[in-house]
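Heads up, the thing below is written out as C-alpha cells.
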Number of protein chains: 2
Amino acid sequence: MGKMYKENSLSKNQQIIFDLINKSSEPLKAYTILFSVQKKGIKAPPQVYRALDKLVETGKIHKIESKNAFVACRNSNCEISKATAFSICESCEMVDEISDTKLSKYLSGFNHKKGMKFKRFNLEFFGICKKCKKD
Amino acid sequence: MGKMYKENSLSKNQQIIFDLINKSSEPLKAYTILFSVQKKGIKAPPQVYRALDKLVETGKIHKIESKNAFVACRNSNCEISKATAFSICESCEMVDEISDTKLSKYLSGFNHKKGMKFKRFNLEFFGICKKCKKD
DNA sequence: TTACATAGTGTTATATTATAACAAATTTTA
DNA sequence: TAAAATTTGTTATAATATAACACTATGTAA
C-alpha cells in the first residue's frame, strides 16, 4: 500500500514545498524555494512552479502578487482563495493575511455597476507595521 | 523656449508611452510597449521601465499586478494610486478601473486589528464580463 | 487484476519580466 | 551660469516563469 494522492493529501514535492512555505515567517519567492529544496532532490524551476500552482489552486498557499512571493493560507474563511486580503509592510516586507469577516462579506457582495459578477478578489494593503514604526 | 519638465508635464519617452497606454483598450505589457515604440526611438527595456515607473509614481497609469500589465488611470479619485480597484475578466482579459466612492472610503478607512495603519491599497476583482457571458 | 485515465516527476531548453551600471544630454533650481 | 536633479541611451545580466517531452506513480472501473 504505497502513498496515496487522495483528496486532501499532497504529493511529495507539494508537501516539501508547502512545509517550507508554511514554516516561513515571510513570503517566499520561487527561486528562494528552489535553492532551499535542492538538497531534497527538487532541482529545476518547473518542479517548483508546478507544486506552487497546485498549492495555490487548492488554497493551501496564496500568491502575493505585488511581490511575486508565496505565503501559507492562514484563513479558513478565504474558501480556496476566493476572498483574499493581505497587509504588507513596505519597510520590513512582512505580510499578514487578513481574516475579517465583515470585510470579506462586504467585498464578496460588491457588484460592479457595469454588471460584472465577481467570482473572486484579491486585496493588498500597504503601510508600515507597528514594529517598524518603533524603529 | 525648449521643452519644460514641469509639474504636470511628461518627458518625451514618458509621453510616448503614456499615449500608447492611454489609447489602448486593454492592459499593455512592458515588452509589448517596447516593440510598439521602437520606431519612435525607444529601443531598450530600461527606457520603457523607467517611463513606466515614473508614470506609476505620478498616478498617470496603474500596474495590474496579477497581469504584469499597465493601464491608464481613469479615476480622478484614486489620488495618485493610493486607492485602486479593478475588475478583470478572466475570459477576455479586459480590465476596468472601478471608481466607487463608497468602496474607496470603506477600504481607506479600514484598519487592521494588529494596529497597522494603511497608506495604500490595491484591489483586484475577477470574474466573467457581460460580453463574455453572452458568447 | 488488468487496462485505462489522471496526476505527478525529472529534465533541458527557452521565454518573459525586470534591473544594474555607466556615460551623456537635458532641464530645473538657485 | 553653475550646480543639482532628471532623463536618456546603451550594454549586459538578473529574476521570474513556461514549453515540451519522456517517464513514473496513482486512482478508477471493467
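Chain naming here is simple, since letters A, B, ... match the order of the sequence lines and numbering starts at 1 in each.
Look at B:Gln47 and you won't find any side-chain N or O under 4.0 angstrom from OP1 or OP2 of D:dT10. OP1 or OP2 of D:dT8 has at least one side-chain nitrogen or oxygen of B:Ser11 nearer than 4.0 Å. Distances shown here put a side-chain N or O of B:Lys54 below 4.0 Å from the OP1 or OP2 atom of D:dT7. The phosphate of C:dT16 (OP1 or OP2) has no side-chain N or O of B:Asn68 nearer than 4.0 angstrom. Between C:dT9 and A:Asn13, a contact under 4.0 Å exists linking OP1 or OP2 to a side-chain N or O.
For the pair B:Tyr49 OH and D:dT13 C1', the computed distance is 14 Å after rounding to whole Å. Across the protein-nucleic acid pair, B:Arg50 atom CZ and C:dT17 atom C1' stand 16 Å apart, rounded to whole Å. In this structure, B:Lys67 places its NZ atom 15 Å from P of D:dA17, rounding to the nearest Å. To the nearest angstrom, C1' of C:dA7 lies 14 Å from CG of A:Leu55. Rounded to an integer number of Å, the gap from NZ of B:Lys12 to C1' of C:dT27 is 14 Å. Atom CG of B:Leu52 is separated from atom P of C:dT19 by 10 Å (rounded to the nearest Å). Distance, A:Phe70 CZ to D:dA15 P: 17 Å, rounded to whole Å. If you take CD of A:Glu57 and C1' of C:dA7, they are 11 Å apart, rounded to a whole angstrom.
Position along DNA chain D of the nearest nucleotide to B:Pro45 versus B:Gln14 favours B:Gln14 as the more 5'-ward residue. Summary of the strand contacts: B:Lys63 and A:Lys43 both lie near DNA chain C, and taking for each the nucleotide with the nearest heavy atom, the more 5' one is attributed to A:Lys43.
The ring pair (Phe, Tyr, Trp, His ring centres under 6.0 Å) contacts involving residues 11-49 of chain A comprise nothing, where partners must be two or more places apart or lie in separate chains.
Side-chain polar atoms of B:His62 and B:Ser81 form a donor-acceptor pair below 3.5 angstrom.
Using a 4.0 Å cut-off between charged side-chain N and carboxylate O, A:Glu79 and A:Lys82 make no salt bridge. Of the charged side-chain nitrogens involved, at least one lies within less than 4.0 Å of a carboxylate oxygen, so that B:Glu90 and A:Lys119 count as a salt-bridged pair.
Annotation for A:Lys133: atom NZ counts as buried by contact number, over 12 foreign heavy atoms lying within 6.0 Å.
Separation of the A:Phe125 and B:Phe110 ring centroids falls under the 6.0 Å cut-off.
Side-chain contact between B:Ser66 and B:Phe126: present, with at least one pair of heavy atoms (C-beta onward) separated by less than 4.5 Å.
A heavy atom lying under 4.0 Å from DNA chain D marks the following residues of residues 18-42 of chain A, by number: A:Lys29, A:Tyr31.
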